[in-house]
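Position 1 is the first residue of the sequence, and the numbers go up from there.
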Amino acid sequence: MVRYIVTEQARAERTQYGIAAITERKRVDQIDDVALTLEETMRLVSLLQDNGVAPEHFRDVVEDYLSGLMMVE
């Protein structure tokens, strides 16, 4: 079973929030810079987890989610 977690990387200019897909034994995939805020990244992690997104669809779902946000703005 895959779990999704928020990752954080401090950069000189700002903090980047990402998402990692992990199993019991290893990190399956990771996207380092997903959203500007921790809250937005946490919201997406919850959606991924609650909907049981398979790791092979992880990147596509994140891309679709972020594209949808850009269309709203």
Locate the shortest heavy-atom distance separating N51 from L47; write the atom from each residue and the value.
ND2-O, 2.8 Å
Does any non-hydrogen side-chain atom of H57 lie less than 4.5 Å from one of D64?
no
Find out if a path of hydrophobic residues (ILVMFWY) with successive side-chain heavy-atom gaps under 4.5 Å connects I22 to V34.
no
Does a side-chain heavy-atom distance below 4.5 Å link R27 with T7?
yes
Please answer: with hydrophobic residues joined when any side-chain heavy atoms are less than 4.5 Å apart, are L44 and V53 in the same cluster?
yes
Contacts of R43 meeting salt bridge (Lys or Arg N to Asp or Glu O under 4.0 Å) (sequence neighbours excluded), chain-then-number -> E40
Apply salt bridge (Lys or Arg N to Asp or Glu O under 4.0 Å) to R59 and list each qualifying residue two or more places apart in sequence or on a separate chain.
D29
Closest non-hydrogen atoms of Q49 and R3, given as atom of the first, atom of the second and distance, are OE1-CA, 3.3 Å
For A21 and Y4 the tightest heavy-atom approach is CB-CE2, 3.5 Å
For the residue pair L48 and V62, what are the closest heavy atoms and their distance?
CD1-CG2, 4.3 Å
Do T15 and L38 make a side-chain contact, defined as non-hydrogen atoms from C-beta onward lying under 4.5 Å apart?
no
CG on D32 to OH on Y17, rounded to 0.5 Å:
14.0 Å
Compare all side-chain heavy atoms of F58 with those of I31 and state whether any distance is below 4.5 angstrom.
yes
Membership question, hydrophobic clusters at under 4.5 Å side-chain separation (ILVMFWY): are V61 and V6 in the same one?
yes
Between Q16 and D33 the two heavy atoms that sit nearest each other are NE2-OD2, 3.3 Å
Please check if V45 and Y65 belong to a single hydrophobic cluster, counting links between Ile, Leu, Val, Met, Phe, Trp and Tyr side chain heavy atoms closer than 4.5 Å.
yes
Working to the nearest 0.5 angstrom, can you tell me the gap between I5 CD1 and T41 OG1?
12.5 Å
